[in-house]
Amino acid sequence: QVQLVESGGGLVQPGGSLRLSCAASGSIFAINVMAWYRQAPGKQRELVALITRGGLTNYADSVKGRFTISRDNAKNTMYLQMNSLKPEDTAVYYCNADIARSVGGDLHAYWGQGTQVTVSS
């Protein structure tokens, strides 16, 4: 069994910062791409940022220059540093990871339960 657990969400004023974490645990052989998604009320889930095992990153245009994704492969953990937060960043943020559970095993996508980020004065 594999679990992804997010933490670090909360209420912050516009212009503030938050740091999200996503810890993967369980029967894990290797983690390939990890990503953060978000879903605002009434909207579709969207990709915020992704990072490969080797550290290559990609960001949604709406967060470039404000958010930084990183990971610690030794700890099976991913982070999202969010700066200069705006009200439109308000959403539930989800962790996603492509994980192989055994040597030569197929990659499967796993999701966390989500953490709420609210940007409001």
Side-chain angles (χ1 to χ4, degrees):
Q1 188 173 349
V2 172
Q3 277 192 318
L4 299 181
V5 178
E6 301 103 333
S7 60
L11 174 64
V12 64
Q13 292 186 342
S17 298
L18 283 175
R19 189 190 194 213
L20 304 183
S21 298
C22 169
S25 63
S27 179
I28 297 171
F29 171 71
I31 303 177
N32 194 8
V33 176
M34 300 185 79
W36 289 99
Y37 287 76
R38 67 186 181 187
Q39 187 166 19
K43 294 188 176 181
Q44 288 189 326
R45 190 172 296 190
E46 64 174 357
L47 176 66
V48 175
L50 64 83
I51 184 167
T52 69
R53 182 170 181 83
L56 296 177
T57 60
N58 196 21
Y59 296 90
D61 287 342
S62 59
V63 307
K64 282 181 181 176
R66 301 187 298 121
F67 291 9
T68 302
I69 190 171
S70 61
R71 65 190 281 177
D72 184 334
N73 291 330
K75 296 181 179 180
N76 287 340
T77 300
M78 174 178 62
Y79 307 95
L80 186 68
Q81 178 66 43
M82 304 186 294
N83 298 328
S84 302
L85 283 161
K86 305 175 181 179
E88 51 264 43
D89 294 317
T90 295
V92 178
Y93 284 69
Y94 296 91
C95 169
N96 170 270
D98 292 334
I99 296 174
R101 299 182 60 187
S102 62
V103 177
D106 292 336
L107 288 168
H108 293 279
Y110 292 86
W111 292 89
Q113 81 287 353
T115 185
Q116 177 70 46
V117 171
T118 303
V119 185
S120 175
S121 55

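Rounded to the nearest 0.5 angstrom, M34 CE and D98 CG are separated by 9.5 Å. If you take CD1 on I51 and OG1 on T57, they are separated by 6.5 Å, rounding to the nearest 0.5 Å. The distance from atom CD1 of I99 to atom CG of D106, rounded to the nearest 0.5 Å, is 13.5 Å. Atom CG in L4 sits 9.0 Å away from atom CD in Q113 (nearest 0.5 Å). Atom CG of L47 sits about 9.5 Å away from atom OG of S62, to the nearest 0.5 Å. Between R19 atom CZ and L80 atom CG the span is 10.0 Å, to the nearest 0.5 Å.
The two residues A40 and A91 have their closest heavy-atom pair at N-CB, 3.8 Å. When all heavy atoms of P14 and S120 are compared, the closest pair comes out as CD-C, 3.6 Å.
Applying the ring pair (Phe, Tyr, Trp, His ring centres under 6.0 Å) rule to Y110 yields no partners; only residues at least two apart in sequence or on another chain are considered. Here N83 pairs with S17, Q81 under the side chain to side chain contact (heavy atoms under 4.5 Å, CB included) rule; sequence neighbours left out. For N32, the side-chain hydrogen bond (donor to acceptor under 3.5 Å, both in side chains) criterion is met by no residue, not counting sequence neighbours. Partners of N96 under the side-chain hydrogen bond (donor to acceptor under 3.5 Å, both in side chains) rule, at least two apart in sequence or in another chain, do not exist in this structure. Residues passing the side-chain hydrogen bond (donor to acceptor under 3.5 Å, both in side chains) test with T118, sequence neighbours excluded: Q116.
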- Task: Evaluate the side chain to side chain contact (heavy atoms under 4.5 Å, CB included) criterion for residues R71 and I31: first the C-alpha distance (whole Å), next the side-chain angles of each, then the deciding distance (0.1 Å), finally the verdict.
- Result: CA-CA 11 Å; R71 65 190 281 177; I31 303 177; 3.7 Å; yes
- Chi angles and distances behind the side chain to side chain contact (heavy atoms under 4.5 Å, CB included) call for V2, H108: CA-CA 10 Å; V2 172; H108 293 279; over 6 Å; no
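Remark: E88 CD is packed, more than 12 non-hydrogen atoms of other residues, nucleotides or ligands lying under 6.0 Å away.
At a threshold of 4.5 Å between non-hydrogen side-chain atoms, the residues R45 and W111 count as touching. Proximity of T68 to Y59: side-chain heavy atoms (C-beta onward) are separated by under 4.5 Å at one or more points. Side-chain atoms of R66 and D89, non-hydrogen and from C-beta on, do get closer than 4.5 Å to each other. Annotation: side chain of R38 is in contact with side chain of V63 (closest heavy-atom distance under 4.5 Å). A heavy-atom distance below 4.5 Å is not found between the side chains of N58 and L56.
A disulfide (SG to SG under 2.5 Å) check over residues 15-121, counting only residues at least two apart or in different chains, returns the pairs C22-C95.
Using the six-membered ring where Trp is involved, Y93 and F67 have ring planes that are tilted, between 30° and 60° apart.
Note on L20: it clusters hydrophobically with V12, by side-chain heavy-atom contacts below 4.5 Å among ILVMFWY residues. Note on Y37 and V92: same hydrophobic cluster, where clusters join Ile, Leu, Val, Met, Phe, Trp and Tyr whose side-chain heavy atoms are under 4.5 Å apart, directly or indirectly. Cluster annotation: V48 and V117 are assigned to the same hydrophobic cluster (Ile/Leu/Val/Met/Phe/Trp/Tyr, side-chain heavy-atom contacts under 4.5 Å, transitive). Cluster membership for L50 and M78, using ILVMFWY side-chain heavy atoms within less than 4.5 angstrom, is not shared.
Taking 4.0 Å as the cut-off between side-chain N and carboxylate O, D61 and K64 count as a salt-bridged pair.
Counting only distance, with no hydrogens or angles, the side chain of N73 and the backbone of R53 share a donor-acceptor pair below 3.5 Å. Formation of a donor-acceptor pair under 3.5 Å by the S121 side chain with backbone atoms of Q13 is not found in this model. Judged by distance alone, the side chain of Y94 and the main-chain N or O of Q39 form no donor-acceptor pair under 3.5 Å.
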